[in-house]
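Residue numbers begin at 1 in each chain, while the letters A, B, ... track the order of the sequences.
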Amino acid sequence: MIKILAVIFILLLYLIGRGRGIITFKSLCLNVAVLCSLILFISWGWNPVLVTFPCCLIICYITLFYQNGRNAKTLASFSAVILVLILLFALSYYIGYVCHLGGINEILRNEDEIAMLSPDIDISMVQIAVSVIITGLIGAEMDASISVSSAVYEVYINNRELNLSELFKSGLHIGSDILGATMNTLYFACLGESLTLFILFKNYHYSFFEVINSKAFCQEFVIILFSCLACVLVVPLTAASISYILKNLNQFEKYLLDEELFSV
Amino acid sequence: MLKKFAAIITALLGSKGIYKKYLILNIIIIAILTVGVCFVFNDYSWYDTTIVQIQKVAASPVTESNRTKSNEKYFQQSMVGIIMNGEYQGKRIYLQNKSSSSGVLDDKYKSQNEVFVKLHLDHSSKKLTGSIIGFKRDKYMAVLLALFILLLINVTKMKGFFTLLSLCINIGGFIYAVHLNYAGHNVLILSEFLVLFFTFISLLLIGGFKKKTFVAILSTLISLCFTMLIFKLAMICTQDINYTYMEYITGQNYMADLFMSQVLIGGLGAIMDVAITETSAINELVVVNKEISIRELIQSGREVGFDIMGTMINILLFTYVCGIIPIVVLKMKNSIKLGTIIRMQMPMELYGFMIGGIGILLTIPISVFVSIVLFKKLRRSL
């Protein structure tokens, strides 16, 4: 089953994307490899939070610089994404600890598959929860960021007289268009995943207050909320950094590889 | 350095005059959110379950002889707390809890934590005792939600309202559907209606009441049909899905339907996102240049598709995969190899990701085709 789906997926990727499809596929494979090694490192007993951060950096590097090339857009996105990641790392660490979000939730632990496993793993589950939140948000964050930076870039290419503030505002304007759609994607992905959870809550006669305080619900809720928060934070930061880079090109000359910008 | 930074910020924000309007808006929103959060912080009387605020915690390590291999430490916590609601409000209560250093199945409580408690009503002893049944998380969730709403509205201005509105209406529809399912309706049929509802509400609220919104709705629905058709065909060809590893299915027997609806709703958001981006792009091109040829439109549509497909597939990958990390780590610590988990105990999230990815890829040509037909051909014939 999964093999057939994978074959269809790769075939479509090639038919629709051609050259770009292959690049997408390669970076997807690299991302999956990074994720697998993240899981491996955690299971070897390394500190989950400390492992997640470099893994996120590698994922950002692959997705932005490998998939989209090295230029002003990706440079701006990269800096904004890293900044938001550091901010949210701190926030999610705090929330994970005070909300007791780690561990297997009260519903899953009763399932046969989990009940058979020994809980003596000697790894802090709260830290794993932090790495879950961070890996969950990074995809959406990069998407929002790269959309904003490439849109601002297009605006700048078509109208080079715009000043810093005007570029920033057009970035915010485009960003608010993108945010709605990105949040929708996240929201439905989470809703689909937690459909069974909600049906279970209903079948077990959970009350509203029990639901909003349960670990099962809060774990899902925090993942989507942090993803949306990351998208919202990254939009103004990307708009600021791309407009700054475009207006101070001579400072960034050595990092940028595209010729288009310098041929005025 | 700091001076330079401040100069950049003022340059970014431009003239200050227009921000007065948003200052007032901000004050109103902050006021509403603060009232809401304060309310959640003091909502003890709304709960029927007894809530205890822990005052003092004493933990003593417990050594267990049968656990030899790992360094796992166990603690016995004895706590004193004050009851915050109900009949015994204000009284002291004594609680016991067992916690471990990794906290897979248990929690470690600290002073000032608030927990739900089941009272042991035993009149023979003078001390009130109870057992902890849950942790009170609602206030932290409220703070996070308030922070998110505040930031969203500051960044997106009025558009954020519509997004939030559509999310709220969708949650309403979703809860109603769960009710109906509980009343005995088939989950797959319900989610088909739900998907129609979601598509119309979200796209109309995000895109506005315009022609391109209806084109986006049409292409979303067509792409969804094709995606589900492929999924259904793959399911019929190979009947080897193992539903045992689906999460939260205790006591349910219509797994295939449940799984289908999960995948259906999960892929919807991504498909909508691609459809709306493609139709806006094609619409923009047609409006700007009425004489643009169909070949050029297809070319630009493909370009837009190239740009979005990589990151969209990434979003799905990370959103789906992040949820399985704790369980996979737990299994690997129980000496099940990663390869075995992927091959034999395939997490259902991977199917969701594959279908979502196929959906995204299919939507690119379909939405380009639909919007070209509707924007270009129909306009000519009118």
Side-chain angles (χ1 to χ4, degrees), chain A residues 1 4-5 8-9 12 16 20 24 35 39 42-43 63 67 99-100 102-104 109 117-125 128 132 135-136 138-140 143 146 164-165 168 176 179-181 183-185 188-189 191-192 195-200 202 209 212-213 218 225 229 232 235-236 240, chain B residues 11-12 14 47 67 70-72 102-105 107 134-138 140 144 148 151-152 155-156 159 163 167 178 182 202 206 234 238 240-241 248-249 262 265-266 268-270 272-273 276 306 310-311 314-315 318-319 321-322 325-326 328-330 332-334 346 354 357-358 361 364:
Chain A
M1 173 74 188
I4 292 187
L5 284 181
I8 296 173
F9 180 68
L12 276 176
I16 291 164
R20 290 288 292 272
T24 307
L35 274 178
I39 292 175
I42 293 177
S43 73
T63 318
Q67 198 171 329
C99 290
H100 295 225
I104 306 293
R109 75 176 55 156
L117 302 172
S118 145
D120 299 334
I121 59 168
D122 200 25
I123 298 173
S124 164
M125 283 308 257
I128 293 183
V132 166
T135 41
I138 189 163
D143 177 53
I146 196 82
L164 198 62
S165 158
F168 177 66
S176 49
L179 272 178
M183 273 160 54
N184 240 3
T185 312
F188 283 112
L191 205 62
L195 175 70
T196 44
L197 176 66
F198 278 96
I199 289 177
L200 203 75
K202 187 71 197 158
F209 288 116
I212 58 168
N213 285 299
C218 287
L225 207 56
L229 209 55
V232 172
V235 165
Chain B
L12 283 175
Y47 284 89
R67 303 176 201 275
S70 74
N71 299 320
E72 188 82 16
S102 58
V104 177
L105 299 175
D107 287 307
F135 185 79
K136 193 165 180 288
R137 294 183 178 85
D138 57 354
Y140 306 109
L144 263 186
F148 165 64
L151 279 173
L152 179 70
V155 172
T156 64
K159 274 182 190 135
T163 316
L167 294 190
V178 172
Y182 181 67
S202 328
I206 290 172
T238 55
D240 63 345
I241 301 186
Y248 311 121
I249 40 154
Q262 225 178 346
I265 295 175
L268 178 67
M272 266 201 278
D273 192 343
I276 203 163
F306 288 156
T311 45
N314 260 326
I315 293 188
F318 291 113
T319 339
V321 171
C322 74
I325 293 177
V328 173
V329 169
L330 185 62
M332 287 178 68
K333 276 305 227 182
N334 280 271
M346 178 59 80
M354 283 285 173
I358 291 174
L361 292 173
I364 294 171

- Of the listed residues (Gln262(B), Arg137(B), Lys159(B)), which shares the most heavy-atom pairs with chain A below a 4.5 Å separation? Arg137(B)
- Message: Quick check for you: among Ile358(B), Thr163(B), Ile364(B), Val321(B), which has the greatest number of heavy-atom pairs under 4.5 Å with chain A?
- Response: Ile358(B)
Side chain, backbone, both or neither: which part of [X] has an atom under 4.5 Å from a heavy atom of chain B?
{"X": "Leu35(A)", "value": "side chain"}
{"X": "Ile146(A)", "value": "side chain"}
{"X": "Ile4(A)", "value": "side chain"}
{"X": "Leu179(A)", "value": "side chain"}
{"X": "Thr24(A)", "value": "side chain"}
{"X": "Ile104(A)", "value": "both"}

Heavy-atom side-chain proximity of [X] to [Y] below 4.5 angstrom:
{"X": "Ile199(A)", "Y": "Tyr182(B)", "value": "no"}
{"X": "Leu330(B)", "Y": "Lys333(B)", "value": "no"}
{"X": "Thr135(A)", "Y": "Ile325(B)", "value": "yes"}
{"X": "Leu152(B)", "Y": "Leu229(A)", "value": "no"}
{"X": "Ile315(B)", "Y": "Phe318(B)", "value": "no"}
{"X": "Leu191(A)", "Y": "Phe188(A)", "value": "yes"}

Part of [X] lying under 4.5 Å from any heavy atom of chain A:
{"X": "Ile276(B)", "value": "side chain"}
{"X": "Lys136(B)", "value": "both"}
{"X": "Met354(B)", "value": "both"}
{"X": "Asn334(B)", "value": "side chain"}
{"X": "Phe135(B)", "value": "both"}
{"X": "Ile206(B)", "value": "side chain"}

Between [options], which residue shows the highest count of heavy-atom pairs closer than 4.5 Å to chain B?
{"options": "Val235(A), Ile212(A), Leu197(A)", "answer": "Leu197(A)"}
{"options": "Asp143(A), Asn213(A), Thr185(A)", "answer": "Asn213(A)"}
{"options": "His100(A), Arg20(A), Met125(A)", "answer": "His100(A)"}
{"options": "Gly180(A), Ala140(A), Cys99(A), Ser124(A)", "answer": "Cys99(A)"}

- Query: Measuring from Asn314(B):CG to Thr319(B):OG1, what's the distance to the nearest 0.5 Å?
  - Reply: 9.5 Å
- Got a second to check how far Ile128(A)'s CD1 is from Ile123(A)'s CD1, nearest 0.5 Å? 5.0 Å
- Query: When you look at Ile138(A) and Thr63(A), which way does the side-chain contact (heavy atoms from CB on, under 4.5 Å) test go after all the steps?
  - Reply: CA-CA 10 Å; Ile138(A) 189 163; Thr63(A) 318; over 6 Å; no
